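Shown next, in structure tokens, is the structure this report addresses.
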Amino acid sequence: QVQLVESGGGLVQAGGSLKLSCAASGRTFSNYAMGWFRQAPGKEREFVAVITPTGSLTDYAGFVKDRFTISRDNAKNTVYLQMNSLEPEDTAVYYCAASGRYLNPTRSHEYDYWGQGIQVTVSS
């Protein structure tokens, strides 16, 4: 089992920044690809970003448009999502997830463990 706990969410004005963190505990963190997803009210959960177990590769959803950066610190068992130039459309609950089966997963079913989610609200 891997336990994931997100932090760093909150309310920010459009154009502002937030940095989400996801602390992992349980099994060896460096064995897992880590991803971020989000779900806005009335919408399906969607992929945001992923980072491979060693951090050598990252991938992003098209709507990120170079505004977000995913990173990880395997010594701290933590993955981060730096979000800049936030827009009201980025308002959602953000989830981190861990995959032990895929190196670069972008779909929900490819992940094994999920955090409880954290609210990000961007005001206009």
Side-chain angles (χ1 to χ4, degrees):
Q1 287 285 343
V2 175
Q3 293 78 42
L4 302 172
V5 179
E6 300 96 339
S7 61
L11 174 65
V12 64
Q13 289 188 330
S17 298
L18 281 176
K19 186 173 184 178
L20 304 182
S21 299
C22 174
S25 61
R27 296 188 176 180
T28 305
F29 179 70
S30 59
N31 288 343
Y32 291 85
M34 298 298 297
W36 287 96
F37 287 73
R38 70 185 189 183
Q39 187 168 19
K43 295 187 177 181
E44 293 187 353
R45 187 174 300 187
E46 62 181 352
F47 167 76
V48 176
V50 62
I51 188 166
T52 53
T54 62
S56 58
L57 292 175
T58 59
D59 195 11
Y60 297 91
F63 61 76
V64 168
K65 299 176 184 176
D66 297 325
R67 300 181 297 130
F68 297 179
T69 302
I70 189 171
S71 61
R72 66 190 296 160
D73 185 337
N74 285 348
K76 295 183 178 180
N77 290 351
T78 302
V79 62
Y80 306 96
L81 186 67
Q82 176 68 48
M83 303 186 293
N84 300 326
S85 301
L86 283 162
E87 305 166 350
E89 293 73 23
D90 295 315
T91 295
V93 175
Y94 283 72
Y95 299 87
C96 73
S99 175
R101 297 173 288 132
Y102 297 87
L103 287 180
N104 194 30
T106 61
R107 295 175 290 183
S108 296
H109 72 268
E110 295 174 330
Y111 285 83
D112 306 300
Y113 304 101
W114 293 83
Q116 80 287 354
I118 193 162
Q119 180 69 45
V120 171
T121 303
V122 184
S123 63
S124 58

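Residue numbers count from 1 along this sequence. The structure presented is a predicted model; accordingly, all values stated were derived computationally and were not measured.
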**Message:** In this structure, would Val2 and Tyr94 fall into the same cluster of hydrophobic residues linked by side-chain contacts under 4.5 Å?
**Reply:** yes
**Request:** Answer whether the closest heavy-atom distance between the side chains of Asn77 and Ser25 falls below 4.5 Å.
**Result:** no
**Asked** Does Gly55 offer a backbone N or O that forms a donor-acceptor pair with the side chain of Arg72 under 3.5 Å?
**Response** no
**Request:** With Arg27 as the cation and Tyr113 as the aromatic partner, state whether NZ or CZ is under 6.0 Å from the six-membered ring centre and within 45° of the axis.
**Result:** no
**Prompt:** With a 4.5 Å limit on heavy-atom distance, are the side chains of Met83 and Val120 in contact?
**Reply:** yes
**Fill in**
Of all heavy-atom pairs linking Asp73 and Phe29, the shortest is O-CE2, 4.1 Å
**Asked** Leu4 versus Tyr95: any side-chain heavy-atom pair under 4.5 Å?
**Response** no
**Item:** Where Asp90 and Ser85 come nearest, the two heavy atoms and their spacing
**Value:** OD2-O, 4.4 Å
**Prompt:** When hydrophobic residues are tied together by side-chain contacts of less than 4.5 Å, even through go-betweens, does Tyr60 share a cluster with Leu18?
**Reply:** yes
**Request:** Looking only at non-hydrogen atoms, find the nearest pair between Gly8 and Ile118 and report the distance.
**Result:** N-CD1, 3.6 Å
**Asked** More than 12 heavy atoms of other residues, nucleotides or ligands under 6.0 Å from CG of Leu103: is that the case?
**Response** no
**Asked** Of the non-hydrogen atoms in Gln82 and Ser17, which two are nearest, and what is the gap between them?
**Response** NE2-CB, 3.9 Å
**Request:** Examine Trp114 and Phe47 and state if one hydrophobic cluster contains both, with Ile, Leu, Val, Met, Phe, Trp and Tyr joined whenever side-chain heavy atoms are less than 4.5 Å apart.
**Result:** yes
**Prompt:** Under 3.5 Å, side chain of Ser56 to main-chain N/O of Thr54, donor-acceptor pair present?
**Reply:** no
**Asked** Is Leu81 linked to Val64 within one hydrophobic cluster, defined over Ile, Leu, Val, Met, Phe, Trp and Tyr using a side-chain heavy-atom separation of less than 4.5 Å?
**Response** yes
**Message:** Are Met34 and Tyr111 linked, directly or through intermediate hydrophobic residues, by side-chain heavy-atom contacts shorter than 4.5 Å (ILVMFWY only)?
**Reply:** no
**Prompt:** Do Pro53 and Tyr32 come close enough that some side-chain heavy atom pair is under 4.5 Å?
**Reply:** no
**Asked** Closest heavy-atom contact between Thr91 and Gln119?
**Response** CG2-NE2, 3.9 Å
**Asked** Any side-chain heavy atom of Glu89 sitting closer than 4.5 Å to one from Phe63?
**Response** no
**Item:** Non-hydrogen side-chain atoms of Leu20 and Glu6 separated by less than 4.5 Å
**Value:** no
**Message:** Quick one, Val50 and Tyr102 - any side-chain contact, counting heavy atoms below 4.5 Å?
**Reply:** no
**Asked** Any side-chain donor paired with an acceptor under 3.5 Å for Asn104 and Thr52?
**Response** no
**Request:** Would you name the heavy atoms of Ser124 and Ala14 that are closest together and state the gap between them?
**Result:** CA-CB, 4.3 Å
**Request:** First locate atom CH2 of Trp36, then atom SG of Cys22, and finally report the distance between them rounded to the nearest 0.5 Å.
**Result:** 5.0 Å
**Asked** When rounded to the nearest 0.5 angstrom, what distance separates CD in Gln39 from CD in Glu46?
**Response** 9.5 Å
**Under 3.5 Å: donor-acceptor pair, side chain of Ser99, backbone of Glu110** = yes
**Prompt:** Which distance, rounded to the nearest 0.5 Å, do you find between the CG of Leu57 and the CD1 of Ile70?
**Reply:** 12.0 Å
**Asked** Got Leu86 and Phe68 here, is their nearest side-chain heavy-atom distance under 4.5 Å?
**Response** yes
